Amino acid sequence: MIVVTGATGNIGRPLTRALAAAGEQVTAVSRHPAAVPDGVRHLVADLADPAGLRPALAGAKSLFLLLSGDLHALGAHPAEIIGEAVDSGVRRIVLLSTLGVVTRPFGATRIAMRELEDTVRESGLEWAVLRPGGFASNALWWAESVRERRVVAAPFGDVGVPVVDPADIAAVAAACLLEDRHTGGAYELTGPEVITPRGQTEAVAAALGSPVAFHELTRDEARAAMARSMPAELADDTLDILGNPSPAELRVSPDVERVLGRAPRPFADWAARNVTAFR
């Protein structure tokens, strides 16, 4: 059995489907009740209470670990989840980390994530680490304003990064959970090209078939909006990257293609598949 945390999110949903389609027994874990594919077991648990994962981990061979937002906050203790996995007899863990542990290793949230990576490596389990850059699905933050006013409001309109499609992250995660050849791998996951918020706005407009305006937010305005749904430290770290990406953060990684045997999907593909969110 494979346990998928964050199973109702942008990565967990396609990952759960892919594993079930591969004939695996899957336990989908989320904070709230949710629909899951036929044949998939669903359990409600809060990762902030690692002991609450024991029913999900009992009998599991592998774990996909995606931290909820509050576990990125300073003072959180996500390493306890690794201990629960070891004690439950889990043999393999695939951790969703972040590219920032490599490109900005001294940010507070990056230090904490690197420590968690080290805990995974030292656990005695088989492991793989996924380090995605910015997510294409972060554009869903704009969905309400696009639906209501046909406008995208975002900072740093002309500064881009190679955002990655969460479906590609899920596909790489599935490969790492199912294939022994990825054990001990650390994969940097990006999209196929650098794209700015203005470019993303154009892609959303093309998917909709109607114009969408772009309104540039100040950093402070963007931080205030982001801090409503994530720890302030994580919002600051994210804005540092979006506003002034380093050469390493602008690099298009070959790792999606190395694992999947195909190029990563462009943002326009994500926008077309998710256009109903913006209608």
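These figures come from a predicted structure and were not determined experimentally. All values below come from the heavy atoms of this structure, side chains included, with hydrogens, waters and symmetry mates left out.
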For S62, check side-chain contact (heavy atoms from CB on, under 4.5 Å) against everything at least two apart and list the hits.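 Counting only residues at least two positions away or on another chain, S62 forms a side-chain contact (heavy atoms from CB on, under 4.5 Å) with I2, R92, L177.
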Quick one: [atom1] on [X] to [atom2] on [Y], what's the gap to the nearest 0.5 Å?
X: N138; Y: Q200; atom1: CG; atom2: CD; answer: 8.5 Å
X: R110; Y: L99; atom1: CZ; atom2: CG; answer: 8.5 Å
X: D269; Y: D165; atom1: CG; atom2: CG; answer: 6.5 Å
X: F106; Y: D237; atom1: CZ; atom2: CG; answer: 13.0 Å
X: I241; Y: T103; atom1: CD1; atom2: OG1; answer: 5.0 Å
X: L63; Y: L66; atom1: CG; atom2: CG; answer: 10.5 Å

Who pairs with [X] by salt bridge (Lys or Arg N to Asp or Glu O under 4.0 Å), at least two apart in sequence or on another chain?
X: D240; value: R219
X: D220; value: none
X: R181; value: E179
X: R104; value: E249

Tell me, with the steps shown, if R91 and L125 meet side-chain contact (heavy atoms from CB on, under 4.5 Å). CA-CA 5 Å; R91 300 193 300 275; L125 304 180; 5.6 Å; no
Using the rule that two of Ile, Leu, Val, Met, Phe, Trp, Tyr join whenever any of their side-chain heavy atoms come within less than 4.5 Å, decide whether [X] and [Y] are in one cluster.
X: L178; Y: V259; answer: yes
X: V163; Y: L250; answer: no
X: L260; Y: V252; answer: no
X: L217; Y: F214; answer: no
X: V102; Y: L116; answer: yes

Give a yes or no answer on whether the side chain of [X] reaches the backbone of [Y] with a donor-acceptor pair at less than 3.5 Å.
X: E188; Y: R131; answer: no
X: S88; Y: V90; answer: no
X: N274; Y: S137; answer: no
X: E148; Y: S145; answer: no

Taking all heavy atoms of [X] and all of [Y], pick out the closest pair and write down the distance.
X: A7; Y: T16; result: CB-OG1, 3.9 Å
X: A20; Y: V26; result: N-CG2, 3.9 Å
X: H182; Y: A175; result: CD2-O, 3.4 Å
X: A18; Y: A174; result: CB-CB, 4.4 Å
X: G160; Y: P245; result: O-CG, 3.8 Å
X: A56; Y: V3; result: O-CG2, 3.3 Å

With a 4.5 Å limit on heavy-atom distance, are the side chains of [X] and [Y] in contact?
X: T196; Y: V159; value: no
X: I11; Y: L96; value: yes
X: F278; Y: L140; value: yes
X: N10; Y: F135; value: no
X: P155; Y: E221; value: no
X: V29; Y: R31; value: no
X: V152; Y: V146; value: yes
X: L65; Y: V120; value: no

Give a yes or no on whether a salt bridge exists between R147 and E144, defined as a side-chain N under 4.0 angstrom from a carboxylate O. no
Basic-acidic side-chain contact under 4.0 Å: R262, E257: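 Answer for the salt bridge query: no.
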Go through it in stages, so that I can follow the logic: the residues are R41 and T27, the test is side chain to side chain donor-acceptor pair (under 3.5 Å), and I'd like the CA-CA distance, side-chain angles, deciding distance and then a yes or no. CA-CA 5 Å; R41 180 175 71 146; T27 294; 3.0 Å; yes
Applying side-chain contact (heavy atoms from CB on, under 4.5 Å) to V151 and V212, what does each step give before you reach the verdict? CA-CA 5 Å; V151 63; V212 178; 5.5 Å; no
Can you give each donor-acceptor pair under 3.5 Å made by side-chain atoms of residues 201-211, sequence neighbours left out, with the distance rounded to 0.1 Å?
unit_1: T201; atom_1: OG1; unit_2: P197; atom_2: O; d: 2.8
unit_1: S210; atom_1: OG; unit_2: R150; atom_2: NE; d: 3.2

Tell me whether the count of non-hydrogen atoms from other residues, nucleotides or ligands lying under 6.0 Å of CD in E24 goes above 12.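 Atom CD in E24 is crowded, with more than 12 foreign heavy atoms closer than 6.0 Å.
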Carefully, step by step, assess W141 and M226 under the rule side-chain contact (heavy atoms from CB on, under 4.5 Å). CA-CA 9 Å; W141 292 342; M226 294 169 67; 4.0 Å; yes
Does M1 form a side-chain contact (heavy atoms from CB on, under 4.5 Å) with K61? I'd like the steps, not just the answer. CA-CA 6 Å; M1 183 179 64; K61 65 178 181 179; 5.7 Å; no
Check for me whether R121 meets the cation-pi criterion with W127, that is, NZ or CZ under 6.0 Å from the six-membered ring centre and within 45 degrees of the ring axis. yes
